[in-house]
Amino acid sequence: MSTATRHSLADLLAIMARLRDPERGCPWDLQQDFSTIAPYTIEEAYEVADAIDRQDWHELRDELGDLLLQVVFHAQMAQEQGLFDFDDVTHAISEKMLRRHPHVFGDVSYADVEEQKRAWEEIKHAERAAKGAPPDDSVLAGVSRGQPEWQRALKLQQRVATVGFDWPDHQPVIGKLHEELAEVAAEFEAGADPARLEDEIGDVLFVAVNLARHAKVDFARALKHANAKFERRFRRMEQLAAAAGKPLASQGLAEQEALWQQAKAEER
């Protein structure tokens, strides 16, 4: 193929088919299966989000291509096993969007966004029933297990809030966070049993997600900013230590803390 050619989706499908060709394909691509490719799919989705966060639109174009390749890769492997193909994927999502937006593609109308959200969940419930899934009338039915656990925690909290099982505001959530932290401290005092610590720290993280929800703060974005801030300050510590001719690793914790405070003060 000429590099001057403006490639289409059909070209991409053909490229993937060739990569997976048993005789002329790429050895690495041929070794892959759904489970080995899944981590790359998740990674590419995060890289799309990162490009958007940085407003790097050229990078976003490339990252969306990488994410599309993941869909094509999975579809090719499925086609090889006689499960489905790429056209089945596009048909299924098109049908789903048409079905879940009767207010756009039909004659249904909703009073507001909240009513639309409730209808969306009802449609999803009907879809699960149509697939023959075991009856599940719980308000938590359908909360995916294939997402980051912090996000699943948020979904669970949002769902139970729809039936009134929720704190009225942030104050009791802060109280609950202090309570859970005290229980972690008690476990350390009792001997730090790994299973118990895991359980109690899990409670702390669950409540932290709840606190972010009540504050209307994006938990992932807040953590991302915290990570960036930590990295920025630590790199500055390394610079300060190098400038003083004393590597950071050779300094004691008190000296390192002083450098941390200096890096922090420079940002004010």
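As the structure is a computational prediction, the values presented were derived from the model and not from experiment. Starting from 1, each residue takes its place in the sequence as its number.
Ring-plane geometry between Phe34 and His74 is classed as parallel, the angle between the planes falling under 30 degrees on a 0 to 90 degree scale with a further cut at 60. Under the 30°/60° scheme for interplanar angles, the aromatic rings of His101 and Phe105 are found to stand perpendicular.
Salt-bridge annotation for Lys176 and Glu179: present, with a side-chain N of the basic residue lying under 4.0 Å from a carboxylate O of the acidic one. A salt bridge does not link Asp21 with Arg18: none of the charged nitrogens is closer than 4.0 Å to a carboxylate oxygen. Looking at Glu231 and Arg235, a side-chain N of the basic residue comes within less than 4.0 Å of a carboxylate O on the acidic one, giving a salt bridge. Under a 4.0 Å N-O distance rule, the pair Glu127/Arg100 qualifies as a salt bridge. A salt bridge between Asp50 and Lys224 is present, with a side-chain N of the basic residue lying under 4.0 Å from a carboxylate O of the acidic one. Taking a cutoff of 4.0 Å between a charged side-chain nitrogen and a carboxylate oxygen, Arg232 and Glu267 qualify as a salt bridge.
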Evaluate the side-chain contact (heavy atoms from CB on, under 4.5 Å) criterion for residues His214 and Asp166: first the C-alpha distance (whole Å), next the side-chain angles of each, then the deciding distance (0.1 Å), finally the verdict.
CA-CA 10 Å; His214 276 272; Asp166 195 11; 3.1 Å; yes
Checking Phe73 against Asp29 for the side-chain contact (heavy atoms from CB on, under 4.5 Å) test, could you report, in this order, the C-alpha distance in whole Å, the side-chain angles of both residues, the deciding distance, and whether it holds?
CA-CA 9 Å; Phe73 207 141; Asp29 289 274; 3.3 Å; yes
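Linking Ile, Leu, Val, Met, Phe, Trp and Tyr whenever their side-chain heavy atoms come within less than 4.5 Å leaves Val209 and Val207 in two separate clusters. The same ILVMFWY cluster, assembled from side-chain heavy atoms under 4.5 Å apart, contains both Phe165 and Val139. Grouping the Ile, Leu, Val, Met, Phe, Trp and Tyr side chains by contacts below 4.5 angstrom, directly or via other members, places Val48 apart from Tyr40. Criterion: ILVMFWY side-chain heavy atoms under 4.5 Å apart, direct or through other members. Under it, Val71 and Phe84 are part of a common hydrophobic cluster. There is no path of hydrophobic side-chain contacts, each under 4.5 Å, that joins Leu67 to Phe86.
Other residues sharing the hydrophobic cluster of Val217, ordered by chain and number and joined by side-chain separations under 4.5 Å: none, the residue standing alone. Cluster partners of Ile93, by chain and number: Met97, Trp120. The rule joins Ile, Leu, Val, Met, Phe, Trp and Tyr whenever side-chain heavy atoms lie under 4.5 Å apart.
Taking each heavy atom of Ser109 and Glu115 in turn, the nearest pair found is O-OE2, 4.5 Å. Listed here is the closest heavy atom pair of Pro102 and Ile123: CD-CD1, 4.1 Å. When all heavy atoms are compared, the tightest approach of Ala51 to Glu63 is CB-CG, 4.4 Å.
The 12-atom threshold is exceeded at NE2 of His103, counting heavy atoms of other residues, nucleotides or ligands nearer than 6.0 Å. Residue Lys155 places its NZ atom among 12 or fewer non-hydrogen atoms of other residues, nucleotides or ligands, all under 6.0 Å distant. Annotation for Glu198: atom CD does not count as buried by contact number, only 12 or fewer foreign heavy atoms lying within 6.0 Å.
Here the options are Glu189, Glu183, Glu187, the test is salt bridge (charged side-chain N to carboxylate O under 4.0 Å, His left out), and the partner is Arg196; only Glu187 passes. Each of Gln32, Glu80, Gln79 was checked for a side chain to side chain donor-acceptor pair (under 3.5 Å) with Arg20, and the lone residue meeting it is Glu80.
Counting only distance, with no hydrogens or angles, the side chain of Ser94 and the backbone of Thr90 share a donor-acceptor pair below 3.5 Å. For Glu255 (side chain) and Gly252 (main-chain N/O), a donor-acceptor pair under 3.5 Å exists by modelled atom type. The backbone N or O of Glu59 sits nowhere less than 3.5 Å from a side-chain atom of Asp62 that would complete a donor-acceptor pair. Put simply, the side chain of Arg159 gets close to the backbone of Ala141: a donor and an acceptor are under 3.5 Å apart. Under the 3.5 Å distance criterion, the side-chain polar atoms of Glu238 are left unmatched by any main-chain donor or acceptor of Leu248. Gln157 contributes a side-chain N or O that, together with a main-chain N or O of Phe206, makes up a donor-acceptor pair within less than 3.5 Å.
When side chains are defined from C-beta on, Leu197 counts as touching Phe188, because their heavy atoms get closer than 4.5 Å. Two residues are said to be in side-chain contact when any heavy atoms from C-beta on lie closer than 4.5 Å; His170 and Ile174 meet this criterion.
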